[in-house]
Structures are given as structure tokens and as C-alpha cells.
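The sequence lines fix the lettering, A, B, ..., with proteins before strands; numbering per chain opens at 1. Scope of the values below: all heavy atoms of this structure, side chains included, with no hydrogens, waters or symmetry mates.
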There are 2 protein chains.
Amino acid sequence: MEKYRGLSPAQFFHRNKEIAGFSNPARALYQTVRELVENSLDATETHGLLPDISVEISLDSNNPDRVTVKVADNGIGIPIHEVPNVFGRVFYGSKYVVRQTRGVFGLGVKMAVLYAQMTTAQPIYVKSAPINSDFIGEYLLYIDIDKNIPHVLKMRIRKKENPKLHGTVVKLTLEGSWVQAKKRIEEYIRRTALIAPYATIRYKTPEEELVFKRVSKKLPEPPQVGRYHPKGVDVEVLKEIIKTVRDPDTTLMDFLVKSFDGVGEKTAQDFLHWAGFDPSIKVKELRLHDLEALASKMKSFNKWRRPRPTTLSPIGEELLKEGVKNILRPSFVKAVTRPPSSYSGHPFIVEVAVAYGGEIPPQDQPIVLRFANKMPLLYDEGVDVSRKVVDEIDWSVYKVKFPAPLAVITHLCSTKIPFKGVGKEAIADVPEVEHELEIAIREASRRLRAYITRMERLHEIQRKEAIIRRYMPEVISAISEVASLDPSILEKKLEEILKRELGKKGVEQYVK
Amino acid sequence: MEKYRGLSPAQFFHRNKEIAGFSNPARALYQTVRELVENSLDATETHGLLPDISVEISLDSNNPDRVTVKVADNGIGIPIHEVPNVFGRVFYGSKYVVRQTRGVFGLGVKMAVLYAQMTTAQPIYVKSAPINSDFIGEYLLYIDIDKNIPHVLKMRIRKKENPKLHGTVVKLTLEGSWVQAKKRIEEYIRRTALIAPYATIRYKTPEEELVFKRVSKKLPEPPQVGRYHPKGVDVEVLKEIIKTVRDPDTTLMDFLVKSFDGVGEKTAQDFLHWAGFDPSIKVKELRLHDLEALASKMKSFNKWRRPRPTTLSPIGEELLKEGVKNILRPSFVKAVTRPPSSYSGHPFIVEVAVAYGGEIPPQDQPIVLRFANKMPLLYDEGVDVSRKVVDEIDWSVYKVKFPAPLAVITHLCSTKIPFKGVGKEAIADVPEVEHELEIAIREASRRLRAYITRMERLHEIQRKEAIIRRYMPEVISAISEVASLDPSILEKKLEEILKRELGKKGVEQYVK
């Protein structure tokens, strides 16, 4: 006889922790650090604050597999009454809106809490000092897994001594393998510094203390909360949006214009005419099969304006270049930020940098550094769209001969990154994204080709120069004897000719 | 101001359908077929019934993107009162136990229902005729996404005309891209027939009707529901198991012996002594920090018996070989079923077949066909542990020269397949699994090496024979002239010598 039962979301993810990236003690430690750092970045730069983040990892002196992770930031904090749900309830959060953030699932930090409590039975410590509040809240809590609700062990609220102070501190202790995880975690912190060069990150481990100082105080324009684009809805989303309409007399026409992104009166009229809907019908009176037809027509109409990119926050060519230079120290770098595009109603922007030479180690294929909404992606590269696009490019077209010191940095920003899993590691090959990536990489690579061409020419010139210089003394002495000229004047003249003819100055401008 | 909110599991997966494999109309159609077929196989063979499954795909004549999928089986059926939750509530099911099944997440078919209702606003039709019941139930239902509960539109219960009839029929209509999906779906059905050669699968599409008849009536031993292994528990699991203990006086000793797999009195005593626990302490009186210590000690104790494989159901070398022969038609195949092993307290068995020649198309690298709990895995091969192991093998050791007609079939059975995502496509590289895969592939490949060696020898012999035969008539006529012998007797004698010396009969046995 089969036994049937339901699971709470917390029970589900407790049983299936590996699908959220918590597959073993090393990976769980990595994922914990990552989730906390990403929450801190979301709490700062998404709200226009220059991030100041401190990450501290310490080991239990009696048991080195008990690892404590502490992350502190200067972000907006979490409203004190929301802290228990934000840390203690799976599928709860502030990021279920149309806006570019690192977090989206409302899952990551809860997985860290779950993992801590299932391996060390320790609760999580949270201190929140919300911006524009006079108070600080401190909590010790864990998750009641059966019910998927927070269980608060201790709570303390006190007045801020400095009312201007704000931010969050999170501390938890889990079973983790520091020895196995530390390389990845450091790589993660390094790449975070690359993609967020306006952040200062202090990183303290049992062995060392690194400080990644901001190289720029220029914060990208923060993303705004937007509305759904008509191409991105389905019947269920339509129902949900209609529920939020207050006025029972709202017409379909008004509904379209007021509730969606990129729909003006003219577009709405054109659409309704094309789709065969009466603009004056009341939206609350639409039946299920009307909604199905409406959703389907909205999806296939091709004249909506593109989704507005105000919900996005790319880092921009200049900052991207700064970040790449600072971390990879190449001899060439070209960054490209593409204009906004969209897939299924979700706006997105692709940014790419191609870096070459300098301290980049030569490899048999291009190194790919992937980022999504400013998060470094370190795992599952083999199934990521960026790897696919990079592999499909014939690099000999750009004069790259492998092994070559070539790195391709890709960054996708979107209100909805098409991740392949809740662990947020690989991006699916959505055709629109693939297309934009290819254009961006090719654009940057054309500059690389020009650079390599010039470097080849330079090497050719240097070779010629070396040959000429080898024979110059003999030529000078021969000519000076035959023509009775002063050898030193002759040498100076010849040197001038050499410089002019080899065009050395002209080449120098391309070499850093 | 940030707005905080919670999502129901249905809302969560509605928003993030791509993480369950429903990323676009082609993939969604594939995933729908797959989830339904796998449920049907679980409902039959897991319960000792020879599967008879029919899959029917039809297109709306007015709109070819509206696809109806109907799957019928002769399984045990679903208890009539459970049907609404099984199809209409995310995280609900009968497979949250320690046993090998295809389904485990309680998510797949609900995703199909969600996808259908969000794209076509159509409810799902379910007919269930449970085994050992006199009734048949029919439902039309959809999911109330906000609340994650089933919403039943129509229900009808009637008496069975034939009381022996049992099984389930499911039908739903979704937006799907048949043109793009059909190759993958057919491949999926084909591979399912390979790994379940005791199943008959009827597959009807708008273009054709295929019947994969069972090639064997031998059903592998069905898996049994087991208990947790002590190595596989954490504090939360311990708490959960202790909750189910009825007798308040149960001692820790009794608890270990009665509640876990692979723990006899002797082992329990040894463990408790080693871990420093009092065997007579009452398990209900253990405190949280005792439980933490207990769980941690249970994990690190190295003398538990291995988990028992009765919860597993491998297909076995013979059936695997049958399946491979039937679908790939190679000239050589060797199947290996490894003895049971375990990782983190989860039992698993690795099965591998290596096939060569025949109708396998030569490729630059081995073709890898992956299976997990008898499910074909078609996507994300690049990050799967099987691909990794196959790629790390130096095939020249086994005399394989690429391009070669080589296929490696891998099958992992476990009560807990370490999938990388809820879409169930790629398996993580758990070291224990990796190790077993390598041993199995190498074992099968040694036989392949012997086969290739013999084939090479055969070719050599055939070459020699051809040469000898070319000159035989002249030799015969010369000898018969010189020795005055009858050429026909001489020819017969020489033929006998030729056969014996070339050992042709000895070679023939290796060639099919």
C-alpha cells in the first residue's frame, strides 16, 4: 500500500539540498559565503549605497570541520519585524518583483540556515540595523522544518547609539570543509571584486586577511522596480495582475496601459484591434477562455515596445574594463556593453570584455569568466551559454593562436536570468541571449584582432631594428671613412631615420 | 521601501518553471511526456507489474502549438481520494520514502499541470482505476497556484465493469512545439525501451505509430521500502525519526537497532561504546546537543554494515545486454552490474554496458547513453559524472582507435540519485559513484579489448587465407604432377590442413 504525504518547502529542500548547491561540506561552505555576500551586495548597491562588506571565516579550534561564517555590510538592513521570515521561511523575501537583483528565489540564505542546523544544530545569529530606523534588532533563530516557519530562540531590540548607522550582520556555524573550499571561495571573492569594482571587501580567513579596495567610487545607476511586459505574461500572471486592479469599471484598454511596461495608448489600440478585443470591455468581467486568448495574443503580438531597461543595472564598459585590469592585469582589454534587448518579455543587457596577454596564463582554449547580475558563476561552465558561444567562435579569424593568453568575460543582467537551477550556476541557451553574447564578443574581438595585428607588426619592426642595429656600427664606420664624416653625427642622423622609418612611435600608442 | 512577501510552492515553481525543465515550448513538451511516462513505469514495475504503456500525442487542428498528451498505463492506479493532491499540490506524493523510484521530488507532474494551465488554461484529465478497488474515479482539475491546493472542476466515481482492470490515464493540453521536440521525445522513448526491455510501449504521434514490444517478460525484482542508514542522517532526520517512536521508554540501543538499516545489536553496542553514549538512555530524553553529537558520531563511525540493496532494483547484466542489442544493434556488447555500494548512507548500484561495432555510427569520441533509476537522461551530458569518467579513460589501452563505433551505457540506481537539479538531467560527481563507474567501464572494456584483438587476428587470418587460396590451384597442380597424386584428394587434404592451421573455427566463436 502506497503512503501519500505532503512536504513543506523547508522539508523539500532539506531532503534535496544538493539542488540548491549544498551537495557536500566544501560546496555548502562555498554556497553559504556566496549567498551571504550576494545578499549584502543587494542590500547596498541596489539602493545606491557604496558597498562595504566584511567576510570572516573561522574554524572551531577543537573541530576544524565546524566553520563559522560571518558577513557584515553597510546596507539598508532588514525591517526588524521581517528578520524571522527572511531567514527562517523558505520562499519568503523582498525580491519577487521585476528588478535586477542577485537574489531572486528567496531560498539561498534559508538553505544556509537549514544546512547549519542540520549539521551543527546551531541557530543563525542576525543583527539588523535598518536605514531610517532608530533601532537595532538581534535574533537567534532556526527553521521549524515541518512547518516552514522561523523559530526564534532569542530576540533583543535596542536603540541605535549612532542613528546614522545601518546594515546587517549574519553569523552561522556549519559543517564545512575549509581546506577543500578555500580556493573556490577566494576565487569567488576575487571575481566579485572584478565585477563590482566600486565595492570594498574585507576577507579574513584562518590563514590571511585580504582587502579588495574599491577602485572606483562610481556606482552604476541602481535598478528600479518595474512592471511586467505584455510578452512575459501567461494566464496565471494575468489573473494575478487583474486581482490587483481596484476599480471594477477598469476597461481592458486602461488595464493594458496602466498595468504593463511598454504599452502606450496607441500600442494598446493597435493590439486590441489586431487581436479582436473590445477595448471598452471591463477587465474584471473577462472569463477564463478570454484570458487564455488574451495571454496568447499578447505573447504573439510583435509591435510592443521593448521592455524598458530601467529595471536593470549593468556595470558599464568603463567599470568593467577597470575591474578586468585590476584583477587579470592583461596587456589588452576591450569592454562592450550592448544595448538593451529582451526575451519572453524580460529585459536583458549583455556585457562582454575580451582580455589578452599580460598576466593571463596561456591556455589551449579561451578562459571564460561568467557573471550574471554581477554574480560570479564558478560551477557548471560546461553547460553555460557563454561557454557554448565562445567555443563556437573561430578564434583564428581574430588572429588568436592557441595556446593563447585569452580571457572572455561575460556579464548578463536581467530581471530574470534563465538559470538552469536554483544553485544559480549555469545559464540556459536562450536564443536571444546567445545572439547578443555573440555580437558582443565579436565586437570586442575585432579590436583584439587589430591589437594583435599591431603587435605582430611591432615585433616585425623590432626584429628589423635589431638587425639594422647589429650592422649599424660597421655601416657607420664604413660611411664615415669613405665620406670623412664625424661618426657620432652620422649615428645620430641614422638613428633619426631609423625611428621615422620604422614608425616606432606610431606603434607605441597601442602598447601599454 | 522594500516589500516582503511569501510564495506558495506552486507560485514559486510557476515563476521558475525552467529549473524543473519547463524552459520553452519544446522542452516543456518533452518534460511533460517524460514525467507522465516515468510515473507510469513507477506505477507498474515498482509493484511487480509488466508495464503496458501507451503514449499519444496529438495536435489541435486549428493551432498546431496546442498539443495534447495522453498517457495510459496498467499500473496500480492512485487511490481515488488522493488523485487531487497527487496532481494538484506541489510537494505531495507517495515517493518520499527510502526506495528506488524514478519520481522523487513530488514535482514533475504538477509542473506539467501548471504549464498546461498557464499556457492553455486547460485543466488536467485524470482517470484512476486503483488495483484492489471496485471503483474508477475521473477528475478534471487544476492547481490553485496562490494556495498550492487542487481545484477540482469535475469528479465522477463509478463501479468498475471489469473488477480486475487497473491503471491510470492522464491527459493534458499544453502549448508545445512538436516540430522541435519530436526528435528528442522519440529518442527518449527509444532509450526507455532499451533500459526497460520488459515494457511494451505504444507511441502514437501525428505522423506515425511505433510499438516497442517487450523483448523479455523477466521483470527485475521490485525495490522494497527500506529504512534510513545511520550514515545518511543529520540532526533534523534524527528528530523526525525519534518523533515516530511510540514507546517513551525506548532506549538509545533499541532505537538504533529498530529504526535503522544495517544495525544489529553487536554493531549498535560497538558504536555506542565508541561514541561514548549510554545504551540505556531513553531516546526521547536526548537534548538537542546530544542529538548533534549523536548524528555527527553516526556519520563518522566506520563499522556500520553497508546499506542493504533491497531498496534497489537494477536491471541486471542479461536484460541490459538484451536492451542494448535490441536498440543499438552492435556487433559486440558486454554488460557489467557492480555489487552494491553506498555514499552518505544511500545505497547504490552501478551498471554499465560497452557496445561496439554493428550499427553504431563511428564517432570521434565514445557515445554515452546515461540512465538513472531506469530513466534516460538526454540533456546536460557535459556536466554529468558519466561523461567525465568516460572522457578520462585512455581508450587506446583498450585498442579503440577513433573515430570508432563505441557506445558506453551507464545506469545508476539509488534510493537517492545525486541529481544536479529538479529537472533530473545530470548526476553530480560523487566520488563513490565515480569510482564504481570507472571500475565497471574498465571491466567491460577489457572484454572489448579482447574482442578487438580477436577481430584483428581474424582479419589477419582471413588475409593469410586469401593469399594461400590464391596460390593453391598452382601448388596443387604442381604437386599432383610431381607426386602423381589425384588433385581432388590433394585439394581436400590441403583444405583440412588450412582449416586446422588457421584455427578458423577457434576464431568464429567470437564473431556473431
Legend entry - Residue part contacting chain A, namely of Lys243(B), when any heavy atom lies under 4.5 Å: side chain
Inset, instruction - Measure distances from Ser296(B) to the heavy atoms of chain A and classify the residue's part below 4.5 Å as side chain, backbone, both or neither. - result: neither
Inset, instruction - Go through Val97(A) and Lys3(B) one step at a time and tell me if the side-chain contact (heavy atoms from CB on, under 4.5 Å) criterion holds. - result: CA-CA 9 Å; Val97(A) 290; Lys3(B) 273 186 205 156; 5.7 Å; no
Which one of [options] has the most heavy-atom pairs closer than 4.5 Å to chain A?
options	result
Val237(B), Asn16(B), Asp65(B)	Asn16(B)
Ala20(B), Ala428(B), Pro418(B), Gly93(B)	Gly93(B)
Gly382(B), Ala293(B), Ser8(B), Pro9(B)	Pro9(B)

Legend entry - For chain B, the option from Ile76(A), Asp234(A), Asn148(A) that forms the most heavy-atom pairs under 4.5 Å: Asp234(A)
Inset, instruction - Among the options His47(A), Lys95(A), Glu240(A), pick out the one with the most heavy-atom pairs lying under 4.5 Å from chain B. - result: His47(A)
Legend entry - Shortest non-hydrogen contact between Tyr4(B) and Pro79(A), atoms and distance: OH-CD, 3.5 Å
Inset, instruction - Residue by residue, scan residues 80-90 of chain B and write down, ordered by number, those that have a heavy-atom distance under 4.5 Å to chain A; if none do, write 'none'. - result: Glu82(B), Val86(B)
Inset, instruction - Please step through side-chain contact (heavy atoms from CB on, under 4.5 Å) for the pair Val422(B) and Phe12(A), ending with a clear verdict. - result: CA-CA 11 Å; Val422(B) 287; Phe12(A) 178 81; 4.0 Å; yes
Toward chain B, the part of [X] with a non-hydrogen atom under 4.5 Å:
X	value
Ile78(A)	both
Arg387(A)	neither
Ser23(A)	neither
Glu425(A)	neither
Arg27(A)	neither
Leu7(A)	both
Tyr379(A)	neither
Asp146(A)	side chain

Inset, instruction - Apply side-chain contact (heavy atoms from CB on, under 4.5 Å) to Gln122(B) and His289(A), showing your working. - result: CA-CA 9 Å; Gln122(B) 295 300 304; His289(A) 73 263; over 6 Å; no
Legend entry - Qualifying residue for side chain to side chain donor-acceptor pair (under 3.5 Å) with Glu236(A), from His14(B), Arg15(B), Gln117(B): Gln117(B)
Inset, instruction - Side-chain contact test, heavy atoms from C-beta onward, threshold under 4.5 Å: evaluate it for Met118(A) versus Lys239(B) and give yes or no. - result: no
Inset, instruction - Answer yes or no: is there a side-chain heavy-atom contact under 4.5 Å between Tyr96(B) and Arg5(A)? - result: yes
Inset, instruction - Measure the CD1-CZ distance between Ile19(A) and Phe105(B) for me, rounded to the nearest 0.5 Å. - result: 5.5 Å
Legend entry - Geometric class of the Phe91(A)/Phe13(B) ring pair [parallel <30°, tilted 30-60°, perpendicular >60°]: perpendicular
Legend entry - Asp380(B) vs Lys420(A), side-chain contact (heavy atoms from CB on, under 4.5 Å): CA-CA, chis, key distance, verdict: CA-CA 10 Å; Asp380(B) 296 350; Lys420(A) 290 187 151 189; 3.0 Å; yes
